[in-house]
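Each chain gets a letter, A, B and so on, in the order the sequences are listed, and its residues count up from 1.
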Number of protein chains: 2
Amino acid sequence: MRYSHSAQGKTRPPQALDPRKQPTQSRATETVNAVLEAAARILEKHGFEGYTTNAIAERAGVSIGSLYQYFPGKDAVTVALIERELTLLSADVTEADSIADYRDAMHHLIKAAVTHQMRRPKLARLLDFEQSRLPIAPRIRHVTDAIHRTLLRTFSRPGAPYIRNMQEAAFDLIAIAKGIVDAAGERGETDAHRLEERVRRAVYGYLGISSPSRRGL
Amino acid sequence: MRYSHSAQGKTRPPQALDPRKQPTQSRATETVNAVLEAAARILEKHGFEGYTTNAIAERAGVSIGSLYQYFPGKDAVTVALIERELTLLSADVTEADSIADYRDAMHHLIKAAVTHQMRRPKLARLLDFEQSRLPIAPRIRHVTDAIHRTLLRTFSRPGAPYIRNMQEAAFDLIAIAKGIVDAAGERGETDAHRLEERVRRAVYGYLGISSPSRRGL
DNA sequence: AGCGCACATGAGCTTTCGCTCATATTCTAT
DNA sequence: ATAGAATATGAGCGAAAGCTCATGTGCGCT
């Protein structure tokens, strides 16, 4: 009976989990944001090792009681953080929908993926891992689905190569980008452009299209 | 703090000046193996959630005290398990050194990587994560270095394409394979051949060589 | 001023988990 | 058979972590 899911067992009367409910730039929102950023920073600095609710609250400058006023449990903090980060990525990714040329759209997608994973590399990696451990939260599902749909739409463009299994390809492309960037991040690489170029080679190879322009490797 | 090698720190008598002890491995080895396999099974079934020393000992059919007789701490169990799994991979990978043709060697490497990651997908994924969290154990370093060297040797074969940065390429290839296979494993895919084919496309694209045995994609 | 509501606080409860150590058991040598 | 070394056992200790709740504090309203 450890990890509490997003929903709650006990009768906790008031609002709890929803960070964006009131139109006011309220103290509640401030606290929620402070907690999320504190959680992010702790994950980046100490990993799961130091990722405790007490540490998060202290770093956020709020009491532990306040943290539990806005989040039903530790996992809810993590889920909210995942949602926050994925929303940033999603906003970037969906821009591809308004790019006419297929190649330009693909380029944009790869850049978005690499940029996201490089922005806060350790955080992205750790959250990714937690996401696989946690029960699938609808709020997260919603965001990842939007990303996925943009990929599928891009694959269906005029000018796009034939792709046997688009669903599969969408997952694989994300996996390739994450794989290369995460591993590089762990080794301390920081040059996003180089990484982008390498991811592009792998992705274009995967899709069976020749690398555009490009130096001969 | 804890971590360290798989065996004990005390002076263990080399056992067996008495030749009658042949058919059964020593009890120490039995216990160590039981513990490692128990640890593996718990990780596969419950993830880090249920990965406690008491649970490992119980599942291995030994007492918690015995576990600590052979391992200086919990992390040492994990390190030994990582070493055990990586050694299997390494044995497979280094076979590539005795394959004459460059393409055949690459094919073998990719197959080995995919097979390893697919054999016990969840275990491989979790151990991979732990490896990044733990201080670098020399025994593990040794095994991964051997794998890495085989990759570099393969890249240097006659017939191999020009590769600008072989170190980087070696890391990237492993990352691509892990990325694709891990993500697929999480979605429940089990067809190793299909995965191999996809990894090959990405890898060959990355290396800038056209995919051999052409299925039109 | 007085009242009541909304939220903040943090000491501390409860449980879990890594690990120890006093004791028991098994093995080996004589 | 007996001593003594080697090894196994598991109750339980100390620390850590998630979470609660009795109490405190600020604020709007009358």
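- R125(B) and S132(A) share a donor-acceptor pair across their side chains, judged by distance under 3.5 Å alone.
- As a whole-Å value, the separation of E30(B) CD from dT7(D) P is 14 Å.
- With rounding to whole Å, H46(A) atom NE2 is found 16 Å from dA17(D) atom C1'.
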Nucleotide by nucleotide, nucleotides 22-28 of chain D touches protein heavy atoms under 4.0 Å in the pattern (B base, S sugar-phosphate only, - none) -------
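- Annotation: I136(B), atom CD1; neighbour count of heavy atoms from other residues, nucleotides and ligands within 6.0 Å does not exceed 12.
- Residues Q167(B) and H148(B) have side chains that bring a donor and an acceptor to within less than 3.5 angstrom of each other.
- Residue Q69(B) contributes atom CD, which lies 19 Å from atom P of dG18(C) at whole-angstrom precision.
- Using a 30° and 60° split on the angle between ring planes, F48(B) and F129(B) fall in the tilted class, from 30° to 60°.
- In this structure, Y70(B) places its OH atom 13 Å from P of dA6(D), rounding to the nearest Å.
- Note: CD (E49(A)) to C1' (dA16(D)) measures 11 Å, nearest angstrom.
- Under the salt bridge (Lys or Arg N to Asp or Glu O under 4.0 Å) criterion, R157(B) pairs with no residue, sequence neighbours left out.
- Taking E44(A) as the reference, R120(A) meet the salt bridge (Lys or Arg N to Asp or Glu O under 4.0 Å) condition, with sequence neighbours excluded.
- The stretch residues 54-65 of chain B touches DNA chain C through N54(B), I64(B), each having a heavy atom within less than 4.0 Å of the strand.
- One interatomic measurement links the two molecules: NZ of K74(A) to P of dC19(D), which rounds to 8 Å at whole-angstrom precision.
- At a threshold of 4.5 Å between non-hydrogen side-chain atoms, the residues L127(B) and L123(B) count as touching.
- Every residue two or more places apart in sequence or in another chain that forms a salt bridge (Lys or Arg N to Asp or Glu O under 4.0 Å) with E196(B) is listed here: R200(B).
- Between the P atom of dA17(D) and the CD1 atom of I42(A) lies a distance of 11 Å, rounded to the nearest Å.
- Here S66(B) lies in heavy-atom contact (under 4.0 Å) with a base.
- Under 4.0 angstrom from either OP1 or OP2 of dG18(C) there lies at least one side-chain N or O belonging to T53(B).
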Validation: residues 50-60 of chain A side-chain donor-acceptor distances under 3.5 Å, sequence neighbours left out:
| unit_1 | atom_1 | unit_2 | atom_2 | d |
| --- | --- | --- | --- | --- |
| Y51(A) | OH | T78(A) | OG1 | 2.9 |
| T52(A) | OG1 | A55(A) | N | 3.0 |

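- When the P atom of dG18(D) is taken as reference, atom CG of D75(A) falls 10 Å away, rounded to whole Å.
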